[in-house]
Visitor: 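First the structure, then my questions, so here it is.
Per chain, numbering begins at 1; letters A, B, ... match sequence-line order.
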Protein chains: 2
Amino acid sequence: MSTEQGMRLRADAQRNRDQIIAAAKRAFLHGGTDQPMEEIARLAGVGIGTLYRRFPDREALVRAVAQDNFGALADEARAALAEEETSWDALVRLLGRSTDLRLSLRLSLLSPAAWHAIHDDPEIVRHRTEILELLDEIVRGAQAEGALRADVGTGDIAVLGSLLLRPGPGRDEMLARAMAVILDGLRAAPGTALPGHAVGLQDMITSLKT
Amino acid sequence: MSTEQGMRLRADAQRNRDQIIAAAKRAFLHGGTDQPMEEIARLAGVGIGTLYRRFPDREALVRAVAQDNFGALADEARAALAEEETSWDALVRLLGRSTDLRLSLRLSLLSPAAWHAIHDDPEIVRHRTEILELLDEIVRGAQAEGALRADVGTGDIAVLGSLLLRPGPGRDEMLARAMAVILDGLRAAPGTALPGHAVGLQDMITSLKT
DNA sequence: TGGAAGTGGATGAAACGCTTCCGGTTAAAT
DNA sequence: ATTTAACCGGAAGCGTTTCATCCACTTCCA
């Protein structure tokens, strides 16, 4: 949360920095990364000057939020894998409960402005790679358990996850039902063959770079 | 397509009007309803002045596009119901192939600016109601056929459809696979009970008004 | 062919967001 | 308690973007 280069911030400055990131998370989640800087400052309860001293421009802020968020998501994926009984449960947990996942998707997919900030930063790329590898492990595990149908790949799961997590309307209860339907579709014993071939981890990574 | 109040337009004017609406559809589909008016004019191959004479402000343009589009979607739903062998097939056709559906969703869900334009216009509301009623008929039909699981409602289908059609990344082939998974989840013989209760037509209409 | 209808883009106005700057404030070291 | 370097807030300036109008020119059609 406070990974900074060198200098240690004064207590109030550190507090403000955290508040700014938290506010930016909320703002980005709600309205995308081109939300006015002033609005983010307002949400954080700090002046616009404070925001700009800490983050010289929008890209720096986006990058900081992305670091924070992809890191949290990697933690969550690791926790799901470690704590859940089965890989299938880990998958369900990851698809269903993750706010961090939601924001990460917005960041990586929905905002052209955020693209560079994210793809240029090695730490973020590392986190993203780890996340995908963990997801891959979970997917393979769930298939080995016989819980997850064998003809889907990690990329397919990522796509389905992204569908559930995109911003939009629909109350949570409705989304929970939609997820249950999707999970039924993901269980072993497919009704029909899927078109094309499974989208694997590598395909997904490749497609992210496009 | 040319439903106008009273005056009949000159041939070239009518042509331009159609081109503007077509361009606006493309622009809105790609970038949302707050795309610059000038960009729409450029896409349509007309001057900005022409656009403004025909549609005094953005709201008028949005309304015209929405009328056109919801009408087309209603036609498509009617055609699906009439032409497909089974209601299940009609459902698949509607969920899978509809660009009009995609744009309608963008219009009705994604753009705060468009909200008023759409909800104030009785013709659009009428179309939307008809669309939902047709969907309801298709859903009930597919359930009567035993093809669609009985514990989902029209609202559930609408939610799942909206998931598939929201803007976002993912190549079409990937989305086709995602849809196939969802369809497997929708077939009869559910794996597990869905949480909550089925979201019916009325629930959906109510939720649209919020 | 007359003239009403239509066209397009230059243009001014206005809104918006970015960023700087500096007088005042506060944390923390002594 | 005093000092001071770090920090704060937000007013103000600037550049950009978009809206919406207007009018000299063009096109359609009776």
Visitor: With a 4.0 Å cut-off on N to O distance, would you call Asp184(A) and Arg187(A) a salt bridge?
Guide: yes
Visitor: Within less than 4.0 Å of OP1 or OP2 of dT7(C), is there a side-chain N or O belonging to Asn16(B)?
Guide: yes
Visitor: By nearest heavy atom, map Asp12(B) and Glu38(B) onto DNA chain D; which one lands nearer the 5' end?
Guide: Glu38(B)
Visitor: Between C1' on dG17(C) and CG on Leu61(A), what's the gap in Å once rounded to a whole number?
Guide: 15 Å
Visitor: Looking only at heavy atoms, what is the nearest atom pair of Ala90(B) and Ala80(B), with distance?
Guide: CB-O, 3.5 Å
Visitor: Tell me whether the side-chain N/O atoms of Arg58(B) come closer than 4.0 Å to OP1 or OP2 in dC19(D).
Guide: yes
Visitor: Can you work out whether Ala11(B) or Gly45(A) has the more 5'-proximal nearest nucleotide on DNA chain D?
Guide: Gly45(A)
Visitor: Would a distance-only check, ignoring hydrogens and angles, find a side-chain to backbone donor-acceptor pair under 3.5 Å from Glu173(B) to Pro195(A)?
Guide: no
Visitor: Could you tell me the separation between the CD atom of Gln14(A) and the P atom of dC7(D), rounded to a whole number of Å?
Guide: 10 Å
Visitor: Give the rounded distance in Å between these two atoms: CD1 of Ile48(B) and P of dC19(D).
Guide: 7 Å
Visitor: Report the distance from atom CD of Gln19(B) to atom C1' of dG8(C), rounded to the nearest whole Å.
Guide: 14 Å
Visitor: Are the charged groups of Arg140(A) and Asp136(A) less than 4.0 angstrom apart, N to O?
Guide: yes
Visitor: Please determine if a side-chain N or O atom of Thr50(B) lies less than 4.0 Å away from the OP1 or OP2 oxygen of dG8(C).
Guide: yes
Visitor: Could you check how far CG of Asp34(B) sits from C1' of dT17(D), rounded to whole Å?
Guide: 13 Å
Visitor: Rounded to whole angstrom units, what separation is found between the CZ atom of Arg8(A) and the C1' atom of dA6(D)?
Guide: 15 Å
Visitor: Does Arg53(A) make a side-chain N or O approach to OP1 or OP2 of dC7(D) shorter than 4.0 Å?
Guide: no
Visitor: With a 4.0 Å limit, can you tell me whether Arg54(A) has a side-chain N or O closer than that to the phosphate oxygens OP1/OP2 of dC8(D)?
Guide: yes
Visitor: With nearest nucleotide decided by heavy atoms, which residue, Tyr52(A) or Gly49(B), maps closer to the 5′ end of DNA chain C?
Guide: Gly49(B)
Visitor: Could you check how far CD1 of Ile40(A) sits from C1' of dT19(C), rounded to whole Å?
Guide: 15 Å
Visitor: Of the candidate nucleotides dG6(C), dC18(C), dC8(D), which contains the atom at the shortest distance from the side chain of Ala13(A)?
Guide: dC8(D)
Visitor: Could you tell me how far apart Arg10(B) (CZ) and dT26(D) (P) are, to the nearest whole angstrom?
Guide: 14 Å
Visitor: Any donor-acceptor pair under 3.5 Å linking the side chain of Asp18(A) with the backbone of Arg15(A)?
Guide: no
